[in-house]
Amino acid sequence: MKQKKSDDFYEKVYEVVAEIPFGRVTTYGAIARFLGIGGSARMVGYALNKTLRTDGPDLPCHRVVNRLGELSGKAHFGHGVMESLLQQENITFVDENTIDLEKHFWDPSIELR
DNA sequence: CAAGTGACTAGTG
DNA sequence: CCACTAGCCACTT
């Protein structure tokens, strides 16, 4: 059965996010660029949100943050959950809502290749 | 079907 | 990094 282009895109997002190593993080934009849709970083977060709402392929979505390292998606995990998960991975926080992106950044276009 | 919304980002100042 | 603009596009109303 034929899939829409957007569904194909969601699958790719799942694959990339599933490959993010323990103790590392990446950004919506980095994933978007790796998948060749640079301008549509919004869709990456949207895809992850959809998996949490209904489908749930055990993705470490807590390892995906915005370009400043802020936990823009923490509200969708439940309050405090995303922070705890990251702290369990020895992620360094520079602020209550921000991790040290420079120190833990994982770029799929370089590392996954 | 038009308008609003959102886990975003890059450019300009 | 802040404020604002524009581009992005699936989904909801």
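- Position along DNA chain C of the nearest nucleotide to A:Thr98 versus A:Arg53 favours A:Thr98 as the more 5'-ward residue.
- A search for side-chain hydrogen bond (donor to acceptor under 3.5 Å, both in side chains) contacts involving A:Ser84 returns nothing, not counting sequence neighbours.
- Atoms CZ and OG, on A:Phe9 and A:Ser40 in that order, are 7.0 Å from each other to the nearest 0.5 Å.
- Using a 4.5 Å heavy-atom cutoff, the side chains of A:Leu86 and A:Val25 are in contact.
- The separation of B:dA7 from C:dA6, taken at their P atoms, amounts to 22 Å, rounded to a whole angstrom.
- Listed by residue number, A:Ser72, A:Gly73, A:His76, A:Phe77 are the residues of residues 68-84 of chain A with a heavy-atom contact under 4.0 Å to DNA chain B.
- When side chains are defined from C-beta on, A:Phe93 counts as touching A:Leu71, because their heavy atoms get closer than 4.5 Å.
- Taking a heavy-atom distance under 4.0 Å as the criterion, the stretch of DNA chain B touched by chain A extends 5' to 3' from B:dG6 to B:dA10.
- At the heavy-atom level, A:Asn66 lies under 4.0 Å from the strands shown only through sugar-phosphate atoms.
- For A:Glu89, the side-chain hydrogen bond (donor to acceptor under 3.5 Å, both in side chains) partners at least two apart in sequence or on another chain are A:His62, A:Arg63.
- Going from atom CG of A:Asn49 over to atom P of C:dT12 covers 11 Å, rounded to whole Å.
- Toward the 5′ end of DNA chain B lies the nearest nucleotide of A:Tyr46, the other residue of the pair A:Arg67 and A:Tyr46 mapping further downstream.
- Of all the residues in residues 36-44 of chain A, A:Gly39, A:Ser40, A:Arg42, A:Met43 reach under 4.0 Å from DNA chain C with at least one non-hydrogen atom.
- Rounding to whole angstrom units, CG of residue A:Asp8 and P of C:dA10 are separated by 13 Å.
- Between the CG atom of A:Leu35 and the P atom of C:dC8 there is a distance of 18 Å, rounded to whole Å.
- Under the salt bridge (charged side-chain N to carboxylate O under 4.0 Å, His left out) criterion, A:Arg24 pairs with A:Glu111, sequence neighbours left out.
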